[in-house]
Amino acid sequence: MDQHRVQVDEAKIANLLQLLSQRIALAALDNEEFARASTYGSRILVISCADHMERAQAALLSGDRKRMQQVVSDGLSCRLGKADYPPVNQIKSDIAAVLFEGETSQQLVLSEFLHLARRVGSAQKLTHTERLRFAQLAFRDLPSKFDAAARTFQQNSTTSLLWMERFGIAAWAVMFILICIVAILVFARLSSSMKARANEYDHSIARYHAQKQAMQEVNEQLFQSMYYARNIQKGILPDLADLRDNMADIALIWQPMQVVSGDYVWACRKGNTSVFFVADCTGHGVPGALLTMVVASVFEKLLEDNSFKDPEYTLLTLDRTVRRRLGQDKPSDGYEDTSSDDGFVAALALYNHENRILRYAGAGIPLIISSADGFNKIAGDKAALAYRSLPGPNRIAVHTMNVEPGDSFYLATDGITDHVGGSPKRTFGRKRLYEVLATVGDENLEAQLNHLQDRLTDFRGLEPVRDDYTILAFTPVAGEMAVRNAAE
């Protein structure tokens with residue numbers, strides 16, 4: 001009887017392993033075809049479920065019924081923690097036959113899958129071949145292995161029952177009538193209990209499959225909605241191709257922490273003026289993205305009304321209008337948990353193509369300048385816009401400068417300098433940003449920003465991305481080196 005129950009538990013663990021592999025794959029669906037994890041929550045889920053799969057495999061190898069029941073009772077509740085594998089000489093031969101036979105045994109396939117899953121969970125990039133292999137393991141190889149194992153354990157359970165029945169028949173043949181009657185009654189009770197447990201097991205498996213299907217449907221709908229929202233948000237970003245005929249060079253990095261971003265950026269030409277605008281809204285993900293849509297609609301209305309020509313007026317108008325649209329121009333209603341308090345920091349630069357004059361105004365976002373004198377910064381005003389809890393600024397300083405050939409300008413949100421990495425842990429910082437850009441100053445702006453993004457990834461290592469980050473770079477007038485490179 002105990003042997004049968006152990007074999008039932010073994011079959012349950014095989015099915016649980018299949019569900020966990022599916023959950024890991026579903027958690028990785030926002031990772032650009034399993035390239036790497038992009039959210040902290042999905043990485044923790046992938047790594048903790050990988051740990052849970054190892055604990056389930058270790059319990060199966062141990063043959064310890066209590067350990068197996070504990071793993072089954074944990075179900076899909078993944079948590080971090082190492083597995084305690086038994087010594088090889090203590091693994092039962094029938095378990096070893098199921099898990100270690102063949103050139104592509106279940107143990108080897110599972111180990112390969114867990115290795116790739118942990119790389120995805122630690123935000124490491126996978127090659128195209130590795131991504132295909134990860135998907136193949138999650139959706140074909142592992143389910144096939146686990147289904148085969150479950151069938152084997154179920155067959156062993158059935159064989160165990162048949163052996164018990166034959167033993168009972170032999171006992172009946174040699175026992176007295178009274179003992180036979182008692183034995184029949186006992187066996188009837190045992191048979192009823194077995195059927196109840198078998199039914200319970202069937203119901204458990206059915207629930208697992210139903211939960212798996214429901215989880216797949218919910219995740220699919222969620223990710224479809226999120227990526228559709230991302231396409232909508234990307235649609236309101238500027239088309240830099242429209243400016244390349246008017247500027248010596250222009251480039252952009254717009255990188256959401258999650259699928260959608262709380263950063264908004266715009267660049268266009270209106271008459272003889274090129275407009276460059278960057279805003280960093282409260283939060284990130286869906287809340288931040290919704291706020292960017294409000295800021296974008298107000299800013300585009302100012303562009304249509306030609307109300308953008310004074311940078312100070314534009315930012316002050318954005319502050320008042322967004323505050324009013326969010327209902328934050330009125331005092332709090334006393335319920336802090338229901339009263340919104342959202343806002344943004346922003347910077348606006350206007351370049352006049354006729355007189356080569358750049359005017360800049362910033363609230364919380366500086367203007368970085370690369371010139372013949374090196375890198376300099378014009379700090380924006382220490383102000384934040386549209387917040388209920390913060391008073392709106394009465395004025396914002398406007399800085400005017402003549403643009404020389406080869407001068408480049410950068411508007412960047414603090415998500416770049418706030419990257420955490422290195423050893424000991426520290427932020428990337430503005431000084432390191434200047435150093436990285438200076439090392440590739442002879443390259444075009446797109447090459448500079450690509451190098452910067454690679455450097456940020458290397459600096460961060462296994463640390464998660466903590467915020468959206470955006471940098472808009474533009475060179476209004478070609479310098480001597482750019483002209484020489486173009487001629488060559």
Side-chain angles (χ1 to χ4, degrees), residues 40 123 248-257 261-265 267 276-281 284 344-349 358 360-384 396-397 399-476 479 481-482:
Y40 180 75
D249 200 1
I250 187 168
L252 170 68
I253 290 178
W254 179 78
Q255 186 63 50
M257 172 184 166
S261 174
D263 287 355
Y264 172 66
V265 59
F276 306 95
F277 178 71
V278 171
D280 184 356
C281 299
H284 43 73
F344 60 99
V345 292
L348 175 63
L358 182 77
Y360 153 79
I365 294 181
L367 175 68
I368 302 171
I369 306 170
S370 173
S371 65
D373 298 329
F375 280 90
N376 296 293
K377 179 189 76 171
I378 299 178
D381 288 10
K382 293 182 178 180
I396 296 176
H399 304 268
T400 302
M401 65 207 77
N402 293 318
V403 177
E404 299 297 332
D407 289 352
S408 295
F409 303 89
Y410 306 83
L411 295 173
T413 62
D414 60 7
I416 290 180
T417 53
D418 288 349
H419 269 59
V420 174
S423 180
K425 293 291 184 284
R426 59 198 181 278
T427 58
F428 191 74
R430 202 167 300 279
K431 179 180 179 182
R432 193 172 281 104
L433 171 62
Y434 295 165
E435 292 174 352
V436 172
L437 293 176
T439 60
V440 290
D442 295 341
E443 303 285 343
N444 61 46
L445 292 180
E446 184 175 0
Q448 291 183 30
L449 298 193
N450 287 337
H451 181 81
L452 172 62
Q453 194 156 24
D454 291 340
R455 183 69 180 87
L456 290 171
T457 301
D458 293 339
F459 175 80
R460 193 174 66 248
L462 296 179
E463 287 292 316
V465 177
R466 299 169 186 263
D467 196 3
D468 311 310
Y469 60 94
T470 296
I471 180 168
L472 174 64
F474 56 94
T475 303
M481 181 172 295

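Note that these values count all heavy atoms, side chains included, but never hydrogens, waters or copies made by symmetry.
Heavy atoms only, all atoms of each residue included: L449 and L252 are closest at CD1-N, 3.6 Å. Taking every heavy atom of both residues into account, Y469 and G415 meet most closely at CB-C, 3.5 Å. Between A267 and L472, the closest heavy-atom pair is CB-CD2, 4.4 Å. Summarising the geometry of F459 relative to H419, their closest heavy-atom pair is CE2-O, 3.6 Å, with the distance given to 0.1 Å. Nearest heavy atom pair, residue A397 against residue D381, reads N-OD2, 3.0 Å. Closest of all the heavy-atom pairs between Q448 and V440 is CG-O, 3.2 Å.
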Quiz: residues 360-374 side-chain donor-acceptor pairs under 3.5 angstrom, not counting sequence neighbours:
{"unit_1": "Y360", "atom_1": "OH", "unit_2": "I365", "atom_2": "O", "d": "2.6"}
{"unit_1": "Y360", "atom_1": "OH", "unit_2": "G380", "atom_2": "N", "d": "3.3"}
{"unit_1": "S371", "atom_1": "OG", "unit_2": "D373", "atom_2": "N", "d": "3.3"}

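Using a 4.5 Å heavy-atom threshold, the side chains of F428 and L452 count as touching. With a 4.5 Å cut-off on side-chain heavy atoms, L411 and F277 do not count as touching. In this structure the side chain of Y410 never reaches within 4.5 angstrom of the side chain of K377, judged on heavy atoms. Side-chain contact between I416 and L456: present, with at least one pair of heavy atoms (C-beta onward) separated by less than 4.5 Å. In this structure the side chain of F276 reaches within 4.5 angstrom of the side chain of I250, judged on heavy atoms. Proximity of R426 to P424: side-chain heavy atoms (C-beta onward) are separated by under 4.5 Å at one or more points. The shortest side-chain heavy-atom distance between D263 and W254 falls under the 4.5 Å cut-off. Considering only heavy atoms from C-beta on, R466 stays 4.5 Å or farther from M257 through its side chain.
D249 and T475 are not linked by any side-chain donor-acceptor pair at a separation below 3.5 angstrom, with hydrogens and angles left out of the test.
Ring geometry, F375 versus Y434: the interplanar angle falls under 30°, so the pair is classed parallel (tilted spans 30 to 60°).
Counting non-hydrogen atoms of other residues, nucleotides and ligands closer than 6.0 Å to CD of E446 gives a total of 12 or fewer.
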Give the intermediate values and the outcome of side-chain contact (heavy atoms from CB on, under 4.5 Å) for residues R460 and V465.
CA-CA 8 Å; R460 193 174 66 248; V465 177; 3.3 Å; yes
Please determine whether side-chain contact (heavy atoms from CB on, under 4.5 Å) holds for the pair T427 and T417, giving the CA-CA distance in whole Å, both sets of side-chain angles, and the decisive distance to 0.1 Å.
CA-CA 7 Å; T427 58; T417 53; over 6 Å; no
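Partners of K431 under the side chain to side chain contact (heavy atoms under 4.5 Å, CB included) rule, at least two apart in sequence or in another chain, are E435. In this structure, the side chain to side chain contact (heavy atoms under 4.5 Å, CB included) partners of T439, at least two apart in sequence or on a different chain, are H451.
Note: L433 CG to L437 CG = 4.5 Å, rounded to the nearest 0.5 Å. Distance CG/N444 to OG/S408: 10.5 Å, rounded to 0.5 Å. Atom-to-atom distance recorded for I471:CD1 and Q453:CD is 10.5 Å, nearest 0.5 angstrom.
Exactly one of D280, V278, T413 qualifies for a side-chain contact (heavy atoms from CB on, under 4.5 Å) with V265. That residue is V278.
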